[in-house]
Amino acid sequence: MKRLQEKLKTKISALLGDAYDLAGVEWGFALPNERKFGDLSATLAFALAKKAKAKPFLLANDIAARLQGQLDEIEEIRVAGGGFINFFLRRDAFLQAQQRDRDQPLPPRGEKVIVEHTSINPNKSAHIGHLRNSCLGDVLARCCRFLGYEVEVQNYIDDTGIQVADVVWGLLHYWKMDLAAIKEVPDLAAMLWDLYAEVNRLFAGDEALAAQRREVHKKIEDKAAPEYEICLHVAQQVLLDHIRTMERVGIQYDLMARESDVIALDFFKAAAAELTGSGVMLPSADPEKKGCLVIHYEREKIEKIIVRSNDTITYVGKDIAYNLWKFDLLGRDFHYRPFHTYPDGHPVYMTSSAPAPAPPRAFGRGDRVYNVIDVRQSYLQNLIAQVLTQLGHPAAGANFVHFSYEMVALTPACVREMGLQLEAGEESKPYIEVSGRKGRAVKADDLIAMLNEKSLREVQARNSELGADEALKLARAIAVAALRYFMVKFNLNTVIAFDFREALNFEGDSGPYLQYAMVRLNSILRKAAAADLEAAANAGAMSVLPGPEKELYWEMLLHLSLLETQVEYALQNHEISSLAAYAYGLCQKFNHYYHLFPMLAEKDPVLRALRLGLLLLFRNKVAKLLVLLGIDIPERM
RNA sequence: GCACCCGUAGCUCAAAGGAUAGAGCAGCUGACUUCUAAUCAGCAGGCUGAAGGUUCGAGUCCUUCCGGGUGCGCCA
């Protein structure tokens, strides 16, 4: 469909070139929401009318008359709605083209995209807020791959920050554990979840304890025993826990980039030379920030401290260096070591500061960078984009994308439901932000467990003859679909006020609905094959279909043809949710069609072949779409 | 104070400046002896927070106001 639209636009521009001055006129095609307005609608007359100060309706009529009969793909052109030029496609030709081209992959783009997502502090289990991040990032990466980009997924591990020191202090001085005892803990991340919340409560009211925490942080930075070893162990174990959690929902990484390596390899020193040399980073003129090096943030006219008066580097400073590296603009590289291998054989590498054999593929060197980070970090992300441009890298500045999304929050009712305390004044709030620090969040593993449990009950109720292992496997696939769909179905700037009932929904606008449609469709195609009713990829001419069915058939065909366009739209407009909506709409259309027209029982072989041919095309397109959403299609449901 | 986001059906959300603002959930009717009812068909539910403006056309863009949220630290 995308190629067809481009082709038509070129032809139309050529045909009208003599009569109209199209230079600078912005116009395009849209799919009218009702088929009576045609298959493609052009707003050309409106755009032209604005420029020529003429009546859109008259212009549209003239244009339509000039184009009539000139375009091979078009059956008819009509003018409606005061100036819309509506095109009706030649349906049989379109059907044949769709069936012919359905397995053509998109050509490689020759560009590398780096997607950073997840990036959870390695000091506690992941929660639902992190799941939104990872699901969005994962679908984003899959879309880029689908569109022909080389994709590298990075997960940034802040293993040196104060939050890790928090739990190290807690383990060592509050729970009085030593390294050996800590290594014995089976589910460290979940245990630290509670510890992290508890120590933060303690620190809040006690300056002496807070000082102890800073002391622990300093010992970690100085690599002092046993703090440093405990820190390393904690960060590694928690990271493995995160990897396990995300793997459960089908999310994988290529590279774990550690902040400790950014520091150890002096990345900032290289960045600082550039920043100072170009005058982007300056000593602060503010007496309160005496001795600090700052960058002026133009958008809000404030200064951001990059180097503190004690010469230590702030988080932004490290992040600037790291992002320069992503674009290969730093002149330095990490070392790399294999870290983990997924069951499917996919390896994950970890950065390292110690020299190591070169990995089989080069990391970094991105042409475009997506940082999937919630909207609350916009200020810092915008600052980084500004700095890239100021350092003389406008291309990098333009290709540095903060893939920003709103937070996941809990409703006060949800907080109470979990047996947690509400603070003063929170009862009347619409929602309360999730916080690992306060221990106020739904743990990712807990939510997945609830989904698995509910899913298993549903599976057993419907498939009593299924073995326990099979049922469990099926239940998990359904749970993952429900979770992933829920996490991406909202617009990015919609705050998700988390609700157990909605997250656990398997009906209607949900992941399992999509799976169910595909399972049903596959079942029909399986039975068709068994009954020697060959489903032909080239099923004939749809013009032989009777009226109402023809319209439904066409509706599905037309929308199926939009897959590539939809993925490009989702990427360009940062609306992953539009893909979920697209998938849902397609499956709704299929279910509707299914209930009206029999496939296997149809006696007329011509009709049957047409219907089965549509199912083949549907399976082809929607299977690709569900891969993008990370939703598996089970054998049965 | 400065910057950003949101306000649409009872609830949760869609709507790519376009044609009659759509879904799901909840409610009510109906459809399994027929390709899987995790489905489908139907009913009901709306002055898109308010007022101005721009436009052939505004839920969408601009201005102001009202109501909510977030960010702005020598934390990360």
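We name chains A, B, ... by the order of the sequence lines, and we start the count at 1 in each one.
- Here B/rU36 presents its P atom at 16 Å from CD1 of A/I633, a figure rounded to the nearest Å.
- If you take atom P in B/rA15 and the same atom in B/rA19, they sit 14 Å apart, rounded to whole Å.
- For A/N591, the listed nucleotide lying nearest its side chain is B/rC40; candidates were B/rC40, B/rA16, B/rG69.
- OP1 or OP2 of B/rA38 has at least one side-chain nitrogen or oxygen of A/R462 nearer than 4.0 Å.
- For the pair A/F37 and B/rA19, the ring geometry qualifies as stacking, because the centroid separation is below 5.5 Å while the planes lie within an angle under 30°.
- Using P as the reference atom, B/rU54 and B/rU60 are 15 Å apart when rounded to the nearest Å.
- Two residues, A/Y584 and A/S378, neighbour RNA chain B, and the one matched to the more 5' nucleotide by heavy-atom proximity is A/S378.
- When both distances must be under 3.5 Å, the Watson-Crick or G-U wobble mate of B/rG71 is B/rC2.
- Taking side-chain N and O atoms only, A/Y594 has a distance below 4.0 Å to OP1 or OP2 of B/rA37.
- For the OP1/OP2 pair of B/rG73 and a distance below 4.0 Å, the side-chain nitrogens and oxygens of A/R376 include no atom meeting the criterion.
- Contact annotation: A/R308 reaches the phosphate of B/rC75 (side-chain N/O to OP1 or OP2, under 4.0 Å).
- Contact check, A/K489 against B/rU12: no side-chain N or O comes under 4.0 Å of OP1 or OP2.
- Here A/F84 lies parallel enough and close enough to stack on the base of B/rA19, with planes under 30° and ring centres under 5.5 Å apart.
- Residue contacts shown for A/K454 are absent, as no nucleic acid heavy atom lies under 4.0 Å away.
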Steps toward ring pair (Phe, Tyr, Trp, His ring centres under 6.0 Å) verdict (A/F618, A/F590): CA-CA 8 Å; A/F618 190 96; A/F590 165 73; 5.3 Å; yes
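- The pair A/E465-A/R636 meets the salt-bridge criterion, with a side-chain N (NZ, NE, NH1 or NH2) lying under 4.0 Å from an Asp/Glu carboxylate O.
- B/rA23 is paired with B/rU12 under the criterion used here, namely a Watson-Crick or G-U wobble arrangement in which both key atom distances are under 3.5 Å.
- The side chain of A/T494 places no N or O atom within less than 4.0 Å of a non-bridging phosphate oxygen (OP1 or OP2) of B/rC5.
- For the pair A/K219 and A/W169, the cation does not sit on the ring face, since its NZ or CZ is not both under 6.0 Å from the ring centre and inside 45° of the axis.
- Distances shown here put every side-chain N or O of A/Y315 at or beyond 4.0 Å from the OP1 or OP2 atom of B/rA76.
- The aromatic ring of A/F57 is not stacked on the base of B/rC56, since the criterion of ring centres less than 5.5 Å apart with planes inclined by under 30° is not met.
- Under 3.5 Å, the side chain of A/N86 and the base of B/rA19 form at least one donor-acceptor pair of N or O atoms.
- Proximity of A/N491 to the phosphate of B/rA14: a side-chain N or O atom is located under 4.0 Å from OP1 or OP2.
- On the C1' atoms, B/rA26 is 25 Å away from B/rG68, given to the nearest whole Å.
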Audit row: A/N371, A/Y156, side-chain hydrogen bond (donor to acceptor under 3.5 Å, both in side chains) steps and yes/no: CA-CA 10 Å; A/N371 286 340; A/Y156 185 70; over 6 Å; no
